[in-house]
Amino acid sequence: MSNFTIYNTLSRKKEIFEPINPGHVGMYVCGPTVYGEAHLGHSRPAITFDVLFRYLKYLGYKVRYVRNITDVGHLVNDADEGEDKIARKAKVEELEPMEIVQRYTNSYRQNMLQLNVLSPSIEPTASGHMIEQIAVVQKIIDSGFGYEKNGSVYFDVEKYSSVHNYGTLSGRKIEDLYFNTRDLDAQPEKKSGLDFALWKKAAPEHIMRWPSPWGDGFPGWHTECTAMSTKYLGEPFDIHGGGLDLLFPHHEAEIAQGVACFGHEPVRYWMHNNLITINGQKMGKSLGNFIMLDELFTGSHPLLEKAYSPACIRFFILQAHYRSPLDFSNEALQAAEKGLERLFNATALLEGLQPSADSTIDVGALKEKCTLAMNDDLNTPILIAHLFDGVKMINSVSDGKASVNTADLERLKTIYSDFVVGILGLRPEILTGGSADNELLGNVVDLLLNLRIEAKKNKDWATCDKIRNNLTELGFEIKDTKEGFGWTLKK
RNA sequence: GGUCGGUUGGCCGAGUGGCUAGGCAGCGGUCUGCAAAACCGCGUACGGCGGUUCGAAUCCGCCAUCGACCUCCA
């Protein structure tokens, strides 16, 4: 179908992507825990796998994209033992846990919409799949790799390791893990410190609880992803994505659970996006550099010099490869903002371009390069570099320094609508003289600029400058051209 | 301490052995009534030290430094 390669964390190599069922792709990505507003860190996996989703569809695959919503908080790690993370927040705000869940789910979806992240095919909630999770736990017990103790169920890592390899995804060795495991409260209950929880008994103060064969409790963190991914995608399924921070223990545990349940690896391709740092530092609440997406869009955070549009954030993220670390700074964001404007201006200019008899630009090669970049493990920075080469072509044609024939012009338009809008998901946020969505405004601006042309003929520079300066103040960008004028307005 | 991954020009960020990444900023030029935009041109970048090689940002070793993770937050 194509030579689309993706880097598989499991093999630590780029592999040609071949779906299990020809023409169909099943992908699962770890979604948000809805106990707070979405922050900058949430945007990267969402955008990375949105681009993957879009590109797979562009390649002609029918894609089922499952991204979960974790609405069952578990234990908070330090002071408030035995208290559910969501329940804790509920007490603080005097809201029902499910009210919190609803509120932040809505907020997350709103942010995703702003970032032009497409809705997944299925967005399952952990609380809505309790039966499936209990079934997974039971299946693991039946396989001999899980054991119950005091109403909790744990995964027997040692026993698993005697038959299978544990640690293949993260490169960890079981011997090393023995010496590097923190001492945790429930340690005495477990056979080994390496074991992880499949089901936890709920303490009396724990609000979110469900009945199970082992008593009232709640599922372990890793259980939900195994239950929901395989319910909707089968096993094995094609692609599992998530942030690098989830690689261990979460994804490692998912593999072990999958093998225990099904007798084989649950996932063909594991993909991990890298994280975002701020001014070279990790994001942390204690560091005061935790920026929420809403703050980013409005500029209301001490670290922000200005507001940045969702498209700007999206472009900024896509200018780096998803597996590379990315450092956030005002300087970098503003550079991205200007670059994006250049890209959008050319994309708008493309619509009004006049074809000639001959082409002096190589549109075919451009498309080829764009496809190669995306096929190379979603190399969006390279794609963007090629799109900027195209910007130069478009501007040159517009300036009359190059020409394009009718067929090439159509192909060029297709490249920009496919790659910029369709795959990168960047919606041009500008109005131009040719755009129809606000005809009245366009006509008024045209009228003013025609008056300016007349003033220009009379060498009435004062009137000329007044019209231009006032329109500039209102946010319009005025360009003098050979034919007359051109203008754009950022939305 | 362990595992994995970074360190590229003023800034961001591609690039895995010889071939211009790209964007932003800067400088010079063309165009312009002046601008803006655009176009053309310019910059001795690859953390340090050794090694392999005809040739290394790219491979190997050591060192420095930064980050993520290390199993009941998800």
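- Comparing B:rC72, B:rG13, B:rA37 by their closest approach to the side chain of A:P381 singles out B:rG13.
- Rounded to whole angstrom, the span from the OH atom of A:Y7 across to the P atom of B:rG15 amounts to 13 Å.
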Result block: side-chain N/O donor-acceptor pairs under 3.5 angstrom for residues 242-256 of chain A, not counting sequence neighbours:
{"residue": "A:H250", "atom": "ND1", "partner": "A:W221", "partner atom": "NE1", "Å": "3.4"}
{"residue": "A:H250", "atom": "ND1", "partner": "A:H222", "partner atom": "ND1", "Å": "2.9"}
{"residue": "A:H250", "atom": "NE2", "partner": "A:E254", "partner atom": "OE2", "Å": "3.2"}
{"residue": "A:H251", "atom": "ND1", "partner": "A:H272", "partner atom": "NE2", "Å": "2.8"}
{"residue": "A:E252", "atom": "OE1", "partner": "A:L169", "partner atom": "N", "Å": "3.4"}
{"residue": "A:E252", "atom": "OE1", "partner": "A:S170", "partner atom": "N", "Å": "2.8"}
{"residue": "A:E252", "atom": "OE1", "partner": "A:S170", "partner atom": "OG", "Å": "2.5"}
{"residue": "A:E252", "atom": "OE2", "partner": "A:G167", "partner atom": "N", "Å": "3.3"}
{"residue": "A:E252", "atom": "OE2", "partner": "A:T168", "partner atom": "N", "Å": "3.3"}
{"residue": "A:E252", "atom": "OE2", "partner": "A:L169", "partner atom": "N", "Å": "3.2"}
{"residue": "A:E254", "atom": "OE1", "partner": "A:H240", "partner atom": "NE2", "Å": "2.9"}
{"residue": "A:E254", "atom": "OE2", "partner": "A:H240", "partner atom": "NE2", "Å": "3.2"}

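- Comparing the P positions of B:rG13 and B:rC24 gives a spacing of 16 Å, expressed to the nearest Å.
- A distance of about 14 Å separates the C1' atoms of B:rC46 and B:rA21, rounded to the whole Å.
- Straight-line distance between the P atoms of B:rC62 and B:rG9: roughly 25 Å, to the nearest whole Å.
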Inset, instruction - Convert the base pairs of RNA chain B into dot-bracket notation, remembering that pairs crossing earlier ones are written with [ ] and that bases paired across to another strand are shown as |; include only Watson-Crick or G-U pairs under 3.5 Å. - result: (((((((..(((.....[...))).(((((.......)))))....(((((..]....))))))))))))....
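- If you take atom P in B:rG48 and the same atom in B:rU7, they sit 13 Å apart, rounded to whole Å.
- Here the P atom of nucleotide B:rA36 and the NZ atom of A:K466 are 23 Å apart, to the nearest Å.
- Residues satisfying the salt bridge (Lys or Arg N to Asp or Glu O under 4.0 Å) criterion with A:K338, sequence neighbours excluded, are absent altogether.
- Remark: P of B:rG1 and CZ of A:R172 are 16 Å apart, rounded to the nearest angstrom.
- When the P atom of B:rA68 is taken as reference, atom CG of A:N274 falls 11 Å away, rounded to whole Å.
- Applying the salt bridge (Lys or Arg N to Asp or Glu O under 4.0 Å) rule to A:E331 yields no partners; only residues at least two apart in sequence or on another chain are considered.
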Legend entry - Summary of protein contacts for nucleotides 30-35 of chain B, nucleotide by nucleotide, where a base hit scores B, a sugar-phosphate-only hit scores S (4.0 Å, heavy atoms): ---BBB
Could you list, one pair per line, each protein nitrogen or oxygen that sits under 3.5 Å from a nitrogen or oxygen of nucleotides 23-26 of chain B, together with the distance?
none

